[in-house]
Protein chains: 2
Amino acid sequence: MGKVRENLAECSLPAALESMGERWAFLILRAAFNGLHHFEEFQQELGIARNILANRLARFVEHGIMERASVPEDRRKIVYNLTPKGSALLPTMIALRQWGERWETGEPAFPILVDVRDGRPIQEVAVLSHDGRKLSKHDLHWALPGDVPVDTPAA
Amino acid sequence: MGKVRENLAECSLPAALESMGERWAFLILRAAFNGLHHFEEFQQELGIARNILANRLARFVEHGIMERASVPEDRRKIVYNLTPKGSALLPTMIALRQWGERWETGEPAFPILVDVRDGRPIQEVAVLSHDGRKLSKHDLHWALPGDVPVDTPAA
DNA sequence: TATATAGGTTTTATAATAAAACTCGCAAAT
DNA sequence: ATTTGCGAGTTTTATTATAAAACCTATATA
C-alpha cells in the first residue's frame, strides 16, 4: 500500500506532459487533427506568436508527435503531419473537448463529431472495465504486479 | 463546409484549457484523484512552489473543479475535494496517462489501474461510435445541426 | 507560555510568452 | 533578368508566468 503510493510518482503522466503540458500544445494539435499542415495556417488560425509556434512545432517533431517534410512542388513549403504517436492523442483531445462542452460551454455545440460511416454522434469518451462497464474514480484501484489476474484463455 | 471550418474555432477545447492548460494543472489533479486533500500534501508530493500551488488551487476552486472547506476538528486545516466537474476529468487524465505509457515510457508500468470489482485492468480509453466500434481520426467527420440523424425511438 | 503546524502571502530572481520587425531561399510576374 | 511577393522561420525587445526563499497569521499542542 505504501509501495503503491511510492510508485505513483512514476506514472507516465509527467512524461506525457513533457510535450503536451505546454501552452498551445493542445490547440496546435487540434488544428492538425482538423487538417492544417502549414506554418502559416497554424499561425493564422490560432493567432499564436510566430516564435512560439516555431518552438512548439520543433518540439513536436523532436518528440515524434509530428513529422516535418518539405513539399517537392514548391520548395518554400513545409508540411507538418501527425505521426501515429501524435494521432494516438485523439482520445485525450476529444475527452478534454467533451469535458469542456459538458462543463464549460454547455452541451450541444455545433459542429459536432460524428462517425463518418453512419453520421451518428460519437460516444462520450469514458473509462471502461474489461467487460465494458463505465467506471468512476471510486471503481478504480492501483495494483502491483502480483495482484493482477492474468487473462487466461480457456484452452 | 466552409461553415464547419468557421465554427471550429468555437469548439470547447479552448474553454477547457482555460483551467487545465496551465502548468501543474494535470499533476495536481492526479494527486487529487489519488486521495490527496491538503495544501502541504500537494506541495510535498509535487515539489511545486507554494505560491504557484496556492494560485492553482484557487483557480480550480474558481472554476468549480475543486471545493475548499475547512476541517471542524482542526481549524488550521483546509480540505480540497474534487467536485463532480473535477471528477469528470478522469477520462481525460487517464487517456493522457495511457498515451504516456504507450508512447513515452513503455508499456507495463506498475502500479496499473484495475477495476476494483474484479481486479482486472481497465481498457484503453478510446473514441467509440454509437455502437461501440473503435474510431480513428479518419472515421470522424464534423456535422452541422441538419446533418445529424436524430435517435428516433421506434414508438 | 512557548513552540510547532497548516495554509498561505511577499519579495526577488529567472524563465516562458508575446509582438514586431527582420532574414533568407524560393517562386511568380514584368 | 530583375523585381516583387510568399513561406517559414529568427532576432530583438517587452511583458508575463514560474520559482525559491523568507515571511506572516491563526490555530493547535507540549
Side-chain angles (χ1 to χ4, degrees), chain A residues 9 13-14 16-32 34-63 65-83 86, chain B residues 9 13-14 16-32 34-63 65-83 86:
Chain A
L13 195 58
L17 288 170
E18 187 123 347
S19 37
M20 295 306 299
E22 293 172 299
R23 202 168 311 204
W24 290 108
F26 274 99
L27 292 176
I28 294 170
L29 195 72
R30 173 188 64 159
N34 286 329
L36 303 200
H37 296 288
H38 298 286
F39 188 95
E40 304 292 333
E41 289 179 323
F42 289 114
Q43 203 281 318
Q44 284 171 38
E45 171 82 18
L46 302 177
I48 180 177
R50 304 176 69 81
N51 53 349
I52 303 302
L53 176 58
N55 179 287
R56 291 298 176 278
L57 288 173
R59 210 172 162 73
F60 277 162
V61 171
E62 270 176 42
H63 281 75
I65 289 170
M66 285 186 174
E67 63 190 1
R68 180 186 188 279
S70 69
V71 178
E73 300 87 62
D74 183 344
R75 298 191 39 226
R76 291 170 304 180
K77 290 189 182 172
I78 299 289
V79 282
Y80 288 95
N81 278 303
L82 290 167
T83 61
Chain B
L13 196 58
L17 288 169
E18 187 122 347
S19 37
M20 296 305 301
E22 294 173 297
R23 202 168 310 204
W24 290 107
F26 274 99
L27 292 176
I28 293 170
L29 195 72
R30 173 188 64 159
N34 285 329
L36 302 201
H37 295 287
H38 298 285
F39 187 95
E40 305 292 333
E41 289 179 324
F42 290 115
Q43 204 282 317
Q44 283 170 39
E45 171 82 19
L46 302 176
I48 179 176
R50 303 176 69 82
N51 53 349
I52 301 302
L53 176 57
N55 179 287
R56 291 299 175 276
L57 288 173
R59 211 171 162 73
F60 277 162
V61 171
E62 270 177 42
H63 281 76
I65 288 170
M66 285 187 176
E67 63 190 2
R68 179 186 188 279
S70 69
V71 179
E73 301 88 62
D74 184 343
R75 296 190 39 224
R76 291 170 305 180
K77 290 189 182 172
I78 301 287
V79 282
Y80 288 95
N81 278 303
L82 289 168
T83 61

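Computed from a predicted model, the values in this text were never measured in an experiment. Here is how names work: the chains are called A, B, and so on, in the same order as the sequence lines, proteins then strands, and each is numbered from 1.
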request  = Grab the CD-P distance between Glu40(B) and dA4(C) for me, whole Å please.
outcome  = 16 Å

key: Nucleic acid footprint by protein, nucleotides 21-30 of chain C - heavy-atom cut-off 4.0 Å, B for base, S for sugar-phosphate alone   = B---BBS---

message = By the 4.0 Å heavy-atom rule, please label Tyr80(B) as base, sugar-phosphate, or nothing.
response = sugar-phosphate

message = Contact between Asn34(B) and Glu45(B) at the side-chain level, heavy atoms closer than 4.5 Å - yes or no?
response = no

key: Euclidean distance, Ile78(B) CD1 relative to Glu40(B) CD, rounded to 0.5 Å   = 11.5 Å

query = Atom CD of Glu22(A) to atom P of dA18(C): distance rounded to whole Å?
reply = 11 Å

task = By nearest nucleotide on DNA chain C, pick out whichever of Asn51(A) and Arg23(B) is the more 5' one.
result = Arg23(B)

message = Among Ile48(B), Leu53(B), Leu27(B), exactly one meets side chain to side chain contact (heavy atoms under 4.5 Å, CB included) together with Phe42(B). Which residue is that?
response = Leu53(B)

task = Round to a whole Å and report the spacing from CD of Gln43(B) to C1' of dA6(C).
result = 12 Å

ask   = Just by distance, do the side chain of Arg56(A) and the backbone of Arg23(A) share a donor-acceptor pair under 3.5 Å?
value = yes

query = So which nucleotide from dA18(C), dG8(C), dT10(C) ends up closest to the side chain of Ala54(B)?
reply = dG8(C)

task = Please examine the side chains of Leu36(B) and Ile28(B), heavy atoms only from C-beta on, and report whether any two atoms are closer than 4.5 Å.
result = no

remark   = Atom CE of Met66(B) and atom P of dG7(C) are separated, to the nearest Å, by 13 Å

message = Rounded to whole Å, how long is the line connecting atom CG of Leu53(B) with atom C1' of dA6(C)?
response = 12 Å

inquiry  = Can you work out whether Ala49(A) or His37(B) has the more 5'-proximal nearest nucleotide on DNA chain C?
reply    = His37(B)

ask   = Rounded to the nearest 0.5 Å, how far does NE2 of His63(A) lie from CZ of Arg59(A)?
value = 5.0 Å

task = Heavy atoms of chain B, cut-off under 4.0 Å: which first and last nucleotide of DNA chain D, 5' to 3', fall inside that, if you could look?
result = dT18(D) to dA28(D)

request  = Figure out the CG/P separation between Leu57(B) and dA6(C), and round it to whole Å.
outcome  = 16 Å

request  = Look only at the side chain of Glu41(B) and the backbone of His37(B), and say whether a donor-acceptor pair between them is shorter than 3.5 Å.
outcome  = yes

message = Do the side chains of Glu62(B) and Arg68(B) get close enough for a salt bridge, i.e. N-O under 4.0 angstrom?
response = no

ask   = Heavy atoms, side chains only, cut-off 4.5 Å: are Tyr80(B) and Val61(B) in contact?
value = yes

